[in-house]
Amino acid sequence: MVKKQKIIIDCDPGHDDAINIMLAGSSDKLDVLGITVVAGNQTIEKTVKNALRVCQYLDLSYPVYAGCPQPMIRARQMIADDIHGETGLDGPVFPELTRNAEDIHAVLFLIDTIMKSEGDIIITPTGPLTNIAMAMRLEPKIVPKIKRIVLMGGSYQMGNVTPAAEFNIIADADAAHVVFSSGVPLTMCGLDVTRKVLCFPEIVDRMRKIGNKAASLFADLMTYFNKSQKEVFGWDGGPLHDPVTVASILEPELLKIKPMYTEIDIRGLGSYGRTNCDYFGYSKRTPNVDVAIDIDVEKFWDTIGAGIKAYSA
Ligand code: BDR
Ligand code: CA
């Protein structure tokens, strides 16, 4: 039997984070060791609740750990209620929540689990990088023990919060700096590729027709998400950002990668929070990030469809 890939999902659910959890939960190729949650799309209380809601609804027994409620240095937590609503997961109606988060803090779970590992864990962050950076600062010995980080965040082209910066990075740019400069092998699934997987109404219909629990959750989530994406960005299909991370682990051919030296702008004004990716190698510095520059869109939707179908009833 092929060994399952161990992963830890670090997230801030969030509609697309929820679908990323769904995708991970559908696969027998992955061993999800836990879900660590961070503030981002909404406050930590709400993102933790949302992670639990999704797991409970889909019968996924993964332990959920509450993490950092605010960025490492900056006092104010940026949220994205314009996109994800008042709850952070507006749209679907969930049954009453009976599950609870674990007692241990997400950062301590990360440290403990990675230290006890054989260096075989991939982390898939899909929110601000606060938990991961805090874990690296609290116990630097974890750094060489992380197999890879496959994250959603950044852009080598345009941002989505400012012309320069993407939400997960600008929400805690200092944390992103710690992670990007850590030396851990890193794959950046940024807006450059996630804005190619636009969830048009035809896709929502295609997934809804699968007809099981996961299909209706997908459709309810994306119907709300598309409405707010239309209001904020003017397009008819919202980019399904976060599931690009897990999909790229399941389908190694999904992304086209270009290694680039990448630094986070933590000093700029207009470009604060930008992932400065040295596409042309001007700096002559050794690339530290595998930047995703293209995605097989059809394969992506097939992967999402197969993930939904894997759930019963
Ligand atoms: C990222 O920001 C969040 O709103 C989404 O969940 C995604 O992780 C896209 O910029
Ligand atoms: Ca997210």
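One-based numbering, in listed order, for ligands and for the atoms of each.
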Legend entry - Under 3.5 Å donor-acceptor, Lys213 side chain and Tyr57 backbone: yes
Legend entry - Matching residue for Thr130 among Asp172, Asp12, Asp10 - test: side-chain hydrogen bond (donor to acceptor under 3.5 Å, both in side chains): Asp172
Inset, instruction - If a pair satisfies salt bridge (charged side-chain N to carboxylate O under 4.0 Å, His left out) and one of its residues is in residues 301-313, list it, with sequence neighbours excluded. - result: Arg206-Asp302
Legend entry - Heavy-atom nearest neighbour in the protein, as seen from atom 5 (C) of ligand 1, with distance rounded to 0.1 Å: Asp16 OD2, 3.2 Å
Inset, instruction - Specify the protein heavy atom at minimum distance from atom 8 (O) of ligand 1: its residue, its atom name, and the distance to 0.1 Å. - result: Asp242 OD1, 2.6 Å
Inset, instruction - Report the relative orientation of the aromatic rings in His84 and Phe225; use parallel for angles under 30°, tilted for 30 to 60°, perpendicular for over 60°. - result: tilted
Legend entry - Protein heavy atom at shortest distance from atom 10 (O) of ligand 1: Glu166 OE2, 2.4 Å
Inset, instruction - Please work out which of the three classes, parallel, tilted or perpendicular, describes the rings of Tyr65 and Phe109, given edges at 30° and 60°. - result: parallel
Inset, instruction - Please name the residue in the list Leu129, Val184, Ile132 that meets the side chain to side chain contact (heavy atoms under 4.5 Å, CB included) test with Ile123. - result: Ile132
Inset, instruction - Report the protein N/O/S neighbours of the Ca ion (ligand 2) that fall below 3.0 Å; do not count waters. - result: Asp12 OD1, Asp17 OD1, Asp17 OD2, Thr126 O, Asp242 OD2
Legend entry - His84 to ligand 1, any heavy atom closer than 4.0 Å: yes
Inset, instruction - Show your working on side chain to side chain donor-acceptor pair (under 3.5 Å) between Thr223 and Asp220 and close with a plain yes or no. - result: CA-CA 5 Å; Thr223 302; Asp220 290 351; 5.5 Å; no
Inset, instruction - Specify side chain, backbone, both or neither for Asp17, according to which of its non-hydrogen atoms lie closer than 4.0 Å to ligand 1. - result: side chain
Inset, instruction - Output yes when Lys116 and Asp112 qualify as a salt bridge under the 4.0 Å nitrogen-oxygen rule, no when they do not. - result: yes
Inset, instruction - Pull out every atom of ligand 1 sitting under 4.0 Å from any heavy atom of Asn168, numbered as shown with elements. - result: 1 (C), 2 (O), 7 (C), 8 (O)
Inset, instruction - Identify the protein heavy atom lying closest to atom 3 (C) of ligand 1, giving its residue, its atom name and the separation to 0.1 Å. - result: Asn41 OD1, 3.1 Å
Inset, instruction - Check whether any side-chain N or O of Asn131 sits under 3.5 Å from a backbone N or O of Cys68 as a donor-acceptor pair, and report yes or no. - result: yes
Legend entry - Presence of salt bridge, Asp28 and Lys4, under 4.0 angstrom: no
Inset, instruction - Check Thr194 against ligand 1 and report side chain, backbone, both or neither, counting heavy atoms closer than 4.0 Å. - result: neither
